[in-house]
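Here's the structure we're looking at; comments come further down.
Note that the numbering runs from 1 along the sequence shown for the chain. Note that the coordinates shown come from a computational prediction; the quantities given were computed from them, not determined experimentally.
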Amino acid sequence: QLQVVESGGGSVQPGGSLRLSCAASGFTLDRYAVGWFRQAPGKRREGVAVIGTRPGFIFYAHSVQGRFNISRDSAKNTVSLQMNNLKPEDTAVYYCATVPLARWSGSFSERGYEYDRWGQGIQVTVSS
């Protein structure tokens with residue numbers, strides 16, 4: 001079964017850190033752009049970060065620029081999202097999604113409509 005699964009979510013105080021991981025099974029992530037998206041209660045889904053495979057093809061939402069870092073581990077077939085200096089407004093369900101490189105626009109996606117494989121999501125809560 002071809003799927004991606006998120007892990008690493010949880011609860012943290014403001015200013016804390018979490019590391020999310022997106023693991024693929026049944027296919028290799030090296031042939032896909034991988035994006036992280038999030039959706040808070042009552043809000044639309046929004047893009048957080050995306051990574052291609054060529055240098056320079058990494059994009060972040062303005063709201064997380066400088067605090068979040070997306071990276072690949074080809075050996076583990078995973079993509080991680082390191083989240084530092086977390087804020088209460090980062091609270092959301094976070095989703096990992098993939099799109100084949102051949103169909104990827106090569107740019108940041110706010111809503112993720114071009115992504116065709118999604119994980120089940122994982123909760124991140126930032127609260128004191």
N/O donor-acceptor pair under 3.5 Å between [X] side chain and [Y] backbone:
X: Arg67; Y: Asn85; answer: yes
X: Arg72; Y: Ser80; answer: no
X: Asp90; Y: Lys87; answer: yes
X: Glu114; Y: Ser105; answer: yes
X: Ser128; Y: Gln13; answer: no
X: Asn84; Y: Phe68; answer: no
X: Arg44; Y: Ala40; answer: no
X: Tyr60; Y: Ile70; answer: yes

Taking the side chain as C-beta and beyond, is there a heavy-atom pair between [X] and [Y] under 4.5 Å?
X: Pro88; Y: Pro14; value: yes
X: Cys96; Y: Val34; value: yes
X: Asp116; Y: Arg103; value: yes
X: Leu18; Y: Val124; value: yes

Spacing of [atom1] belonging to [X] relative to [atom2] belonging to [Y], to within rounding of 0.5 Å:
X: Leu20; Y: Thr78; atom1: CG; atom2: OG1; answer: 12.0 Å
X: Arg31; Y: Thr98; atom1: CZ; atom2: OG1; answer: 13.5 Å
X: Cys22; Y: Ile122; atom1: SG; atom2: CD1; answer: 10.5 Å
X: Leu29; Y: Ser74; atom1: CG; atom2: OG; answer: 8.5 Å
X: Gln123; Y: Arg38; atom1: CD; atom2: CZ; answer: 12.0 Å

Once ring-ring contact (aromatic ring centres under 6.0 Å, His included) is applied, what residue pairs with a partner in residues 12-44 remain, sequence neighbours excluded?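 Found Phe27-Tyr32, Phe37-Tyr115, Phe37-Trp118.
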Atom of Gln120, atom of Glu6 and distance for their closest heavy-atom approach: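 Of all heavy-atom pairs spanning Gln120 and Glu6, the closest is OE1-OE1, 3.0 Å.
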Shortest non-hydrogen contact from Lys43 to Gln39?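 Reported closest heavy-atom pair: O-NE2, 3.0 Å.
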In terms of hydrophobic clusters joined by side-chain contacts under 4.5 Å, are [X] and [Y] together?
X: Ile58; Y: Met83; answer: yes
X: Trp104; Y: Tyr95; answer: yes
X: Val50; Y: Val64; answer: no
X: Val79; Y: Val5; answer: no
X: Val99; Y: Val4; answer: no

Go through Val48 and Leu81 one step at a time and tell me if the side-chain contact (heavy atoms from CB on, under 4.5 Å) criterion holds. CA-CA 9 Å; Val48 176; Leu81 184 69; 4.1 Å; yes
Within residues 18-28 or reaching into it, pairs that qualify as side chain to side chain donor-acceptor pair (under 3.5 Å) - sequence neighbours excluded: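 Pairs touching residues 18-28 that pass the test: Arg19-Gln82.
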NZ/NE/NH1/NH2 to OD/OE distance under 4.0 Å, Arg111 and Glu46: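 The answer is no: the pair does not qualify as a salt bridge.
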